[in-house]
Amino acid sequence: FDSKEALYGEIVAASLSELSRAVRRAVADADGGAARVRAGPRAFHDFYRDNPVDLELSLYLVQGLRPTGLTSELNRLLNGRLIAVLQVIADAILKAGAPSREEANTEAVAAVTHMCGVLLLDKTGRLGTFGFAGDGLADRYLDTLVARLPRAQGGDK
């Protein structure tokens with residue numbers, strides 16, 4: 001590697017590849033619209049819950065926590081991988097009855113944003129302070145997402 005940033009980028013890229021496989025596998029294995037809608041964001045949550053070092057490495061992808069030293073090329077590559085994961089989630093949401101691709105994309109970003117918030121608050125112990133558990137809050141959010149999608153209710157395949 002010609003720089004520390006290149007090494008860091010390779011490590012995060014490998015992590016994002018593992019995340020992508022986990023999300024794609026979960027959605028593909030899910031049976032029915034509601035299960036597919038839940039599967040992608042839940043796999044995202046579970047991957048980072050079970051791999052906290054990967055979560056810490058990937059935090060640079062969250063707006064507002066800008067890294068220093070990453071090149072625009074690395075940012076494009078890594079953000080592209082994250083966007084591909086979001087598209088898997090958005091596709092499941094669209095198939096479950098989101099009224100448009102734009103709305104499906106918005107719901108996918110909202111779901112991942114929620115999962116990131118749950119992960120951060122859970123990891124820092126704040127959820128426990130409030131008397132909540134991350135898994136329960138993740139599931140509650142996914143229940144509300146499914147309730148907003150008409151074809152997710154009917155268990156379509």
Side-chain angles (χ1 to χ4, degrees), residues 1-31 34-96 98 101 104-146 152:
F1 295 97
D2 59 355
S3 68
K4 287 187 261 182
E5 291 81 17
L7 176 59
Y8 179 79
E10 184 64 29
I11 292 167
V12 175
S15 172
L16 288 169
S17 291
E18 288 297 316
L19 170 67
S20 180
R21 278 191 284 283
V23 169
R24 289 175 190 280
R25 185 174 35 249
V27 171
D29 291 348
D31 187 26
R36 281 189 297 274
V37 167
R38 284 184 171 92
R42 189 59 205 220
F44 182 97
H45 173 273
D46 292 353
F47 176 82
Y48 283 123
R49 181 199 62 211
D50 297 342
N51 300 284
V53 171
D54 290 77
L55 175 61
E56 291 173 14
L57 289 171
S58 295
L59 281 178
Y60 91 93
L61 294 172
V62 180
Q63 286 296 324
L65 299 176
R66 296 199 186 274
T68 57
L70 289 181
T71 66
S72 60
E73 182 181 332
L74 279 174
N75 282 335
R76 269 193 311 278
L77 169 76
L78 298 172
N79 286 326
R81 289 183 183 212
L82 183 58
I83 289 166
V85 171
L86 286 167
Q87 285 306 289
V88 173
I89 295 169
D91 289 346
I93 291 169
L94 185 63
K95 288 176 186 170
R101 168 58 70 183
N105 290 343
T106 299
E107 290 286 11
V109 170
V112 166
T113 299
H114 188 85
M115 296 304 137
C116 286
V118 166
L119 286 160
L120 289 171
L121 290 174
D122 205 19
K123 183 171 176 49
T124 60
R126 296 297 184 255
L127 288 182
T129 300
F130 304 144
F132 289 92
D135 286 343
L137 287 175
D139 288 338
R140 181 180 171 135
Y141 176 82
L142 295 174
D143 289 345
T144 64
L145 174 58
V146 167

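Start at 1 with the first residue, then count along the sequence.
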Using every non-hydrogen atom in the two residues, find where [X] and [Y] come nearest and quote the distance to one decimal.
X	Y	value
A26	A43	CB-CB, 3.6 Å
A96	V37	CB-CG2, 3.4 Å
M115	P41	CG-O, 3.6 Å
A90	N105	CB-OD1, 3.3 Å
K123	P52	NZ-CB, 3.9 Å

Checklist line | Counterpart residues, side chain to side chain donor-acceptor pair (under 3.5 Å), relative to D135 (two or more places apart) | finding: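 For D135, the residues satisfying side chain to side chain donor-acceptor pair (under 3.5 Å) (neighbours in sequence not counted) are R42, R49.
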Note to self: Hydrogens and angles aside, do E18 and N51 bring a side-chain donor and acceptor to less than 3.5 Å of each other?
What the structure shows: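 No, N51 and E18 have no side-chain donor paired with an acceptor closer than 3.5 Å.
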Next item on the list: Let me see the working for V118 and L127 under side-chain contact (heavy atoms from CB on, under 4.5 Å), right down to the final yes or no.
Entry: CA-CA 8 Å; V118 166; L127 288 182; 4.2 Å; yes
Next item on the list: With the side chain counted from C-beta on, respond yes when L82 and F44 share a heavy-atom pair under 4.5 Å apart, and no when they do not.
Entry: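 The answer is yes; the side chains approach within 4.5 Å.
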Notebook entry, point to check: Hey, are the side chains of F47 and S15 touching, using non-hydrogen atoms and a 4.5 Å cut-off?
Noted result: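 The answer is yes; the side chains approach within 4.5 Å.
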Note to self: Checking Y8 against S3 for the side-chain contact (heavy atoms from CB on, under 4.5 Å) test, could you report, in this order, the C-alpha distance in whole Å, the side-chain angles of both residues, the deciding distance, and whether it holds?
What the structure shows: CA-CA 9 Å; Y8 179 79; S3 68; over 6 Å; no
Separation between [atom1] of [X] and [atom2] of [Y], rounded to the nearest 0.5 Å:
X	Y	atom1	atom2	value
N79	L16	CG	CG	9.0 Å
F132	L137	CZ	CG	6.0 Å
H45	L119	NE2	CG	4.5 Å
R36	D31	CZ	CG	7.5 Å
L86	S20	CG	OG	10.5 Å
L78	I11	CG	CD1	11.0 Å

Notebook entry, point to check: Below 4.0 angstrom, N of the basic side chain to O of the carboxylate: do R24 and D29 qualify?
Noted result: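 Answer for the salt bridge query: no.
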Check: Can D139 and R38 be counted as an ion pair, charged N to O under 4.0 angstrom?
Finding: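 No.
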Check: Is the side chain of T124 donor-acceptor paired with the backbone N or O of L121 at a distance under 3.5 Å, no angle test?
Finding: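 It does hold such a pair.
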Next item on the list: Please answer whether the main-chain N or O of A13 pairs with a side-chain N or O of S17 as donor and acceptor at a distance below 3.5 Å.
Entry: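 Yes.
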Notebook entry, point to check: Can you list the steps and then say if I89 with V112 is a side-chain contact (heavy atoms from CB on, under 4.5 Å)?
Noted result: CA-CA 9 Å; I89 295 169; V112 166; 3.8 Å; yes
Item checked: Those residues that, when tested against Y141, pass ring-ring contact (aromatic ring centres under 6.0 Å, His included) (two or more places apart) ->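 Only H114 meet the ring-ring contact (aromatic ring centres under 6.0 Å, His included) criterion with Y141.
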Checklist line | Worked verdict on V146 versus L142 for side-chain contact (heavy atoms from CB on, under 4.5 Å) | finding: CA-CA 6 Å; V146 167; L142 295 174; 5.5 Å; no
Next item on the list: Can you establish whether the number of heavy atoms outside R101 located under 6.0 Å from its atom CZ is more than 12?
Entry: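 Correct, the count exceeds 12.
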